[in-house]
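Only this structure's heavy atoms are used, side chains among them; waters, hydrogens and symmetry mates stay out.
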Amino acid sequence: MSPPTPRLRRALLVLTTALAALLCALAPLPAAADGSAGTAPAADTAPAAGTAPAVGDGPADWTARPAGGGADRDARPYVYLEGTPGTALQDRLAVTNSGRAPLTVRLRGDGRAGAWIGFAADTVTVPARTRAEVPLALTVPPDAVPGDASGEVVADDGDEEIRVPVRVRIGGPTLAALTIEDVEISGGTIRYALVNRGNAMLEPRLAVRADGMFGTLLDRQERPLPLELAPGRRVERTEPWPDAPALDTVTVRLRVTAPGGARDDAEASATYIPVTPAVGGGLLVLGGLALLGSGAYRRRRTRRGDPEPPGAESADDRQPTTETRPLVNEGPLVKAGPLVKAGAES
């Protein structure tokens with residue numbers, strides 16, 4: 001097999017360098033770490049479905065909240081009821097109109113426990129600067145599983161709505177069961193999912209630990225998470241790791257607990273490699289080795305006296321050859337005689 005020509009070697013070197021530059025440009029840069037350690041993004045701290053934020057004033061000119069209590073600061077944060085399957089539980093919702101015109105709101109239930117609620121009137125008109133209390137009844141289904149259920153009462157005036165949380169404790173044996181699933185490591189982020197496998201409302205706590213080849217890289221003690229996990233509920237969360245290593249093999253272990261004896265552990269592993277320097281530098285080294293190898297082959301061939309490859313002619317080989325012919329006088333025309341070598345006898 002003939003060695004590559006100089007032109008081919010130059011083309012290979014240029015192609016290798018171009019590929020290295022292209023991969024360096026396309027390789028993803030490390031994501032910037034935002035937020036402090038142990039703080040989940042805002043999207044993960046939203047209340048779980050079936051639960052609602054604490055009761056607020058909502059629109060400036062009207063409010064809706066559980067009835068009872070004196071001043072607003074003493075009002076109940078949500079409707080709380082207890083009963084056994086098949087029983088009817090009662091409470092009241094207070095709607096206060098602080099505006100200067102009558103207010104009409106429509107009431108409905110939302111969520112699992114919200115579907116069990118019936119109102120004395122689904123539409124209520126409250127005069128200006130007046131407070132009205134609307135009776136409600138929650139009927140626990142006969143086949144309801146013992147444990148906790150949640151929902152909401154929704155008051156809507158057509159433009160804005162206020163959601164009032166509802167909590168129901170259903171009598172009977174309860175089971176607190178919690179699992180942590182689908183743990184993944186992606187750069188400076190740890191992803192996981194929590195699932196409530198029991199029939200009780202859970203308030204999870206999380207601990208995180210990461211170990212590398214040379215010791216512990218991360219050790220976050222157990223802390224409460226900003227959520228309530230309803231029975232059957234699954235929520236996906238992220239744990240930021242802004243100081244993740246650039247080059248290491250790590251194992252991340254998560255432990256989650258909750259009151260009532262719920263507990264679970266899970267782990268995942270990942271290898272951190274600086275992609276841009278590894279790929280680009282590797283290709284540049286490969287191109288350099290190819291160039292050095294080609295030069296070494298050329299020098300070795302010269303030392304051994306190997307013939308030049310086809311197409312490599314010397315300067316002497318490219319000189320034109322000349323031949324002489326004696327002239328013979330054969331009349332008016334001069335013709336060339338037979339070919340003879342220069343210097344031959346006549």
Side-chain angles (χ1 to χ4, degrees), residues 42-144 147-171 200-201 203 226-233 235:
D44 287 335
T45 59
T51 66
V55 176
D57 288 341
D61 55 352
W62 68 281
T63 63
R65 62 180 68 247
D72 287 345
R73 64 178 180 272
D74 298 325
R76 293 182 291 160
Y78 48 80
V79 174
Y80 179 78
L81 300 168
E82 293 184 359
T84 57
T87 59
L89 310 173
Q90 296 183 354
D91 208 319
R92 302 175 73 87
L93 180 73
V95 180
T96 302
N97 178 11
S98 57
R100 299 182 178 181
L103 170 72
T104 299
V105 297
R106 287 170 293 278
L107 304 176
R108 61 182 174 87
D110 191 21
R112 181 189 175 196
W116 304 340
I117 298 176
F119 301 93
D122 294 334
T123 301
V124 179
T125 299
V126 184
R129 303 183 184 277
T130 303
R131 170 179 172 175
E133 293 189 356
V134 183
L136 62 87
L138 185 149
T139 303
V140 182
D143 58 350
D148 296 324
S150 62
E152 294 172 321
V153 171
V154 182
D156 186 356
D157 71 345
D159 295 324
E160 298 176 279
E161 66 179 29
I162 298 178
R163 292 177 171 263
V164 180
V166 177
R167 304 283 187 270
V168 181
R169 173 61 58 88
I170 304 171
M201 187 75 68
E203 297 180 356
L227 62 88
E228 287 186 331
L229 204 57
R233 170 73 175 163
V235 61

Peer 1: Could you tell me which non-hydrogen atom of Pro165 sits nearest to which non-hydrogen atom of Pro77, and how far apart they are?
Peer 2: CD-O, 3.8 Å
Peer 1: Would you mind reporting whether Trp62 and Ile162 have side-chain heavy atoms less than 4.5 Å apart?
Peer 2: yes
Peer 1: Calculate, to the nearest 0.5 Å, the distance between atoms OG1 and CD belonging to Thr96 and Glu133 respectively.
Peer 2: 8.5 Å
Peer 1: Looking at OG1 of Thr104 and CG of Asp157, how far apart are the two atoms once the value is rounded to the nearest 0.5 Å?
Peer 2: 9.0 Å
Peer 1: What closest approach, in Å, do Asp110 and Arg163 show between heavy atoms, and which atom pair accounts for it?
Peer 2: OD2-NH1, 2.9 Å
Peer 1: Measuring from atom CG of Asn97 to atom CZ of Arg129, what distance do you get when rounded to the nearest 0.5 angstrom?
Peer 2: 9.0 Å
Peer 1: Can you check whether Ile170 reaches Pro85 side chain to side chain, under 4.5 Å on heavy atoms?
Peer 2: yes
Peer 1: Considering all heavy atoms of both residues, which atom of Ala67 and which atom of Arg131 are nearest to each other, and what is their separation?
Peer 2: CA-NH2, 4.2 Å
Peer 1: Can you check whether Asp61's main-chain N or O pairs, donor with acceptor, with Ser98's side chain at less than 3.5 Å?
Peer 2: yes
Peer 1: Would you compute the distance between atom CZ of Arg108 and atom CG of Asp122 and round it to the nearest 0.5 angstrom?
Peer 2: 11.5 Å
Peer 1: Show the numbers, then the answer: is there a side-chain contact (heavy atoms from CB on, under 4.5 Å) between Val124 and Val95?
Peer 2: CA-CA 9 Å; Val124 179; Val95 180; 5.8 Å; no
Peer 1: Minimum heavy-atom separation for Ala149 to Arg112, with atom names?
Peer 2: CB-NH1, 3.6 Å
Peer 1: Check the pair Val153 / Val166 against side-chain contact (heavy atoms from CB on, under 4.5 Å), numbers first and verdict last.
Peer 2: CA-CA 7 Å; Val153 171; Val166 177; 3.8 Å; yes
Peer 1: Do you know which two heavy atoms are closest between Arg167 and Ser150, and how far apart they sit?
Peer 2: NH1-CB, 4.1 Å
Peer 1: Does a side-chain heavy-atom distance below 4.5 Å link Asp91 with Arg76?
Peer 2: yes
Peer 1: Please report the interatomic distance OG1(Thr139) to CD(Gln90), rounded to the nearest 0.5 Å.
Peer 2: 9.0 Å
Peer 1: Ala128 and Ala101: which non-hydrogen atoms are nearest, and at how many Å?
Peer 2: CB-N, 3.7 Å
